[in-house]
There are 2 protein chains.
Amino acid sequence: METERLLTPGEVALMFRVDPKTVTRWASAGRIGSIRTPGGHRRFRESEVSALLADLTIPASQSTA
Amino acid sequence: METERLLTPGEVALMFRVDPKTVTRWASAGRIGSIRTPGGHRRFRESEVSALLADLTIPASQSTA
DNA sequence: GAACAATCGGGTAATTAGGGAG
DNA sequence: GCTGTCCTAATTACCCGATTGT
């Protein structure tokens, strides 16, 4: 089995440079998949977060011509 | 975990001494790389911004010779 | 059981996005 | 062509006290 690395809201917040509450809001809005602990805290799949971050990343168009 | 430092439009605007709107236009024009949050807000790589800022900073030719 | 940091939930200000006219 | 300002709507950030995780 492959051990999927899980990230906390704080970790994801650091990656996107947003508030942990914002990450929670994304999960509530269904913009990102989340896993809840028995206590109600959210965890996020590292692969999904990385993919989302990469997908939303727009490189600069080099126009040094 | 290696986390790339990201900057908000407002922070970049302060660095360049321009309006945040102008920074947004640079991103739209592809003149600077950008990362969008799932909510649509932009974030910028600190390293890229610094490099661009340094590139625009033309040091007065040292005429010490 | 106790302590600490982080996350939970809800509510309110600040920032940002997008279009338009100067 | 580029930038700063005005507008409205959406998103995000910080406030609180209570619960969860380590």
Side-chain angles (χ1 to χ4, degrees):
Chain A
M1 282 296 286
E2 194 173 311
T3 303
E4 177 61 76
R5 181 181 166 90
L6 295 180
L7 302 175
T8 63
E11 284 287 340
V12 179
L14 252 29
M15 295 173 68
F16 281 91
R17 221 303 203 173
V18 294
D19 196 89
K21 284 298 197 58
T22 300
V23 179
T24 293
R25 210 175 298 110
W26 294 342
S28 298
R31 285 182 171 142
I32 184 175
S34 64
I35 298 174
R36 313 275 298 218
T37 65
H41 285 197
R42 297 183 182 79
R43 296 284 115 96
F44 304 89
R45 296 184 180 286
E46 196 269 349
S47 59
E48 183 179 355
V49 176
S50 296
L52 180 61
L53 185 60
D55 189 54
L56 296 177
T57 298
I58 304 173
S61 310
Q62 300 180 16
S63 56
T64 50
Chain B
M1 177 207 282
E2 299 254 346
T3 304
E4 175 69 47
R5 183 184 298 286
L6 297 179
L7 301 174
T8 63
E11 292 173 333
V12 178
L14 288 176
M15 293 174 68
F16 282 90
R17 286 295 214 143
V18 295
D19 208 78
K21 218 66 173 186
T22 301
V23 178
T24 293
R25 288 187 186 137
W26 292 344
S28 297
R31 290 203 236 172
I32 183 174
S34 64
I35 297 175
R36 312 276 296 216
T37 66
H41 284 203
R42 298 186 181 83
R43 296 283 113 103
F44 304 92
R45 295 182 180 281
E46 192 273 343
S47 58
E48 185 178 350
V49 174
S50 296
L52 182 57
L53 193 58
D55 188 54
L56 294 180
T57 302
I58 293 92
S61 305
Q62 307 169 17
S63 54
T64 51

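Just so we're on the same page: letters track the sequence lines, and every chain starts at 1.
The heavy-atom pair separating I32(B) from A60(A) by the smallest distance is C-CB, 3.6 Å.
Applying the ring-ring contact (aromatic ring centres under 6.0 Å, His included) definition to pairs two or more places apart or across chains, none involves residues 35-55 of chain B. Pairs of residues two or more places apart, or lying in two chains, never qualify as side-chain hydrogen bond (donor to acceptor under 3.5 Å, both in side chains) while including a residue from residues 14-26 of chain B.
If P20(A) and V18(B) are placed on DNA chain D by their nearest nucleotide, the residue sitting closer to the 5' end is V18(B). Comparing R36(A) and S28(B) by the nucleotide of DNA chain C that holds the closest heavy atom to each, the one mapping nearer the 5' end is R36(A).
A chain of hydrophobic side-chain contacts below 4.5 Å, direct or via other Ile, Leu, Val, Met, Phe, Trp or Tyr residues, connects V12(B) to V18(B). Residues L56(A) and L53(A) fall within the same hydrophobic cluster, defined by Ile, Leu, Val, Met, Phe, Trp and Tyr side chains chained together at heavy-atom separations under 4.5 Å. Under the 4.5 Å side-chain contact rule for hydrophobic residues, L14(B) and V23(B) do not share a cluster.
End-to-end axis angle for the helix from dA3(C)-dT22(D) to dG19(C)-dC6(D), using five pairs per end and rounding to 10°, comes out at 60°.
Following rounding to the nearest Å, K21(A) (NZ) and dA13(D) (C1') show an atom-to-atom distance of 10 Å. L7(B) has its CG atom 14 Å from the P atom of dA13(D), to the nearest Å. If you take CG of L14(A) and P of dA13(D), they are 12 Å apart, rounded to a whole angstrom. Rounded to an integer number of Å, the gap from CG of L6(A) to P of dT22(D) is 11 Å.
The shortest distance between side-chain heavy atoms of R45(B) and T57(A) falls below 4.5 Å. A 4.5 Å side-chain heavy-atom check between P20(B) and R42(B) finds every atom pair outside the cut-off. T8(B) places a side-chain heavy atom less than 4.5 Å from the side chain of R43(B). For the pair F16(A) and L6(B), the minimum side-chain heavy-atom distance is 4.5 Å or more.
Of the inter-residue distances, the one linking L52(A) atom CG with T37(B) atom OG1 reads 9.5 Å to the nearest 0.5 angstrom.
Here the range on DNA chain C touched by chain A, meaning any atom under 4.0 Å from one of its heavy atoms, is dT7(C) to dG10(C).
Sorted by residue number, the list of members of residues 45-60 of chain A with any non-hydrogen atom under 4.0 Å from DNA chain C is empty.
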List the steps and the verdict of side-chain contact (heavy atoms from CB on, under 4.5 Å) for L7(B) and M15(B). CA-CA 10 Å; L7(B) 301 174; M15(B) 293 174 68; 3.7 Å; yes
Any N/O pairs under 3.5 Å between the protein and nucleotides 9-11 of chain D? List them or say none.
from: dT11(D); atom 1: OP1; to: R31(A); atom 2: NH2; distance (Å): 2.8

